[in-house]
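Reckoned from all heavy atoms, side chains included, excluding hydrogens, waters and symmetry mates. We're numbering straight along the sequence, starting at 1.
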Amino acid sequence: MRGILDRFEGDKAVILLQDTKEEYIVNKSELPAGSKINTVFDLEKNRTTYKIKRINVSNTEGAAQQSSDLMATLRAKSRGSKFKK
């Protein structure tokens, strides 16, 4: 199973599970070294919880590129704030 590091909330990290579309919350200290937002993990399910096996390097690079492409597309479509005058 794969998950992607979505965000940090205090000392917790929120991982979005790709297969089940659920959030998995862990302590930051449980993350592998080098983990940052958009990092893709290979996970193993243990009955009621998950264990991070490793960082999936190839998918992490792809996720970062997809995120960058999406932001560029959104910026290109942006016409400025509708709240500013």
Side-chain angles (χ1 to χ4, degrees):
M1 176 176 287
R2 289 202 178 114
I4 185 165
L5 181 56
D6 182 55
R7 64 187 181 277
F8 294 105
E9 294 181 355
D11 64 339
K12 303 287 184 185
V14 180
I15 299 171
L16 299 179
L17 304 175
Q18 291 181 339
D19 295 343
T20 61
K21 308 296 187 218
E22 297 175 323
E23 292 183 343
Y24 174 56
I25 300 172
V26 298
N27 291 321
K28 282 184 184 179
S29 60
E30 296 178 38
L31 295 175
S35 298
K36 56 186 177 186
I37 293 179
N38 291 329
T39 299
V40 178
F41 301 107
D42 289 331
L43 303 167
E44 181 178 275
K45 186 168 183 170
N46 297 330
R47 294 187 185 171
T48 60
T49 188
Y50 298 90
K51 178 182 176 188
I52 299 172
K53 295 190 323 186
R54 66 184 157 271
I55 293 176
N56 188 313
V57 176
S58 60
N59 284 350
T60 295
E61 292 168 356
Q65 185 60 46
Q66 285 177 338
S67 178
S68 176
D69 292 346
L70 177 60
M71 289 306 296
T73 301
L74 292 174
R75 276 191 219 102
K77 290 181 179 180
S78 176
R79 294 187 183 126
S81 175
K82 64 181 177 182
F83 300 105
K84 290 183 179 180
K85 293 186 178 193

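The only member of Lys51, Lys53, Arg54 that meets side-chain hydrogen bond (donor to acceptor under 3.5 Å, both in side chains) when paired with Asp42 is Arg54. Of the residues Val14, Thr49, Asp6, Leu16, the one that meets the side chain to side chain contact (heavy atoms under 4.5 Å, CB included) test with Tyr24 is Thr49. The only member of Ile4, Leu17, Leu31 that meets side chain to side chain contact (heavy atoms under 4.5 Å, CB included) when paired with Phe41 is Leu31.
Val40 is not connected to Met1 by any chain of hydrophobic side-chain contacts under 4.5 Å among Ile, Leu, Val, Met, Phe, Trp and Tyr, and they are in different clusters.
When all heavy atoms are compared, the tightest approach of Ser35 to Ile55 is OG-CD1, 4.0 Å. In this structure, Glu30 and Ile52 approach most closely via the heavy-atom pair O-CD1, 4.3 Å. Of all non-hydrogen atoms in Leu5 and Lys36, the two that sit nearest each other are CD2-O, 3.1 Å. Minimum interatomic distance between Arg2 and Leu43 (heavy atoms only, all atoms of both residues): C-CD1, 4.2 Å.
In this structure Glu22 satisfies the side-chain hydrogen bond (donor to acceptor under 3.5 Å, both in side chains) test together with Thr20, sequence neighbours excluded.
Remark: side-chain polar atoms of Lys28 are not paired, donor with acceptor, to backbone N or O of Glu9 under 3.5 angstrom.
Using a 4.5 Å cut-off on side-chain heavy atoms (C-beta onward), Asn27 and Lys12 make contact.
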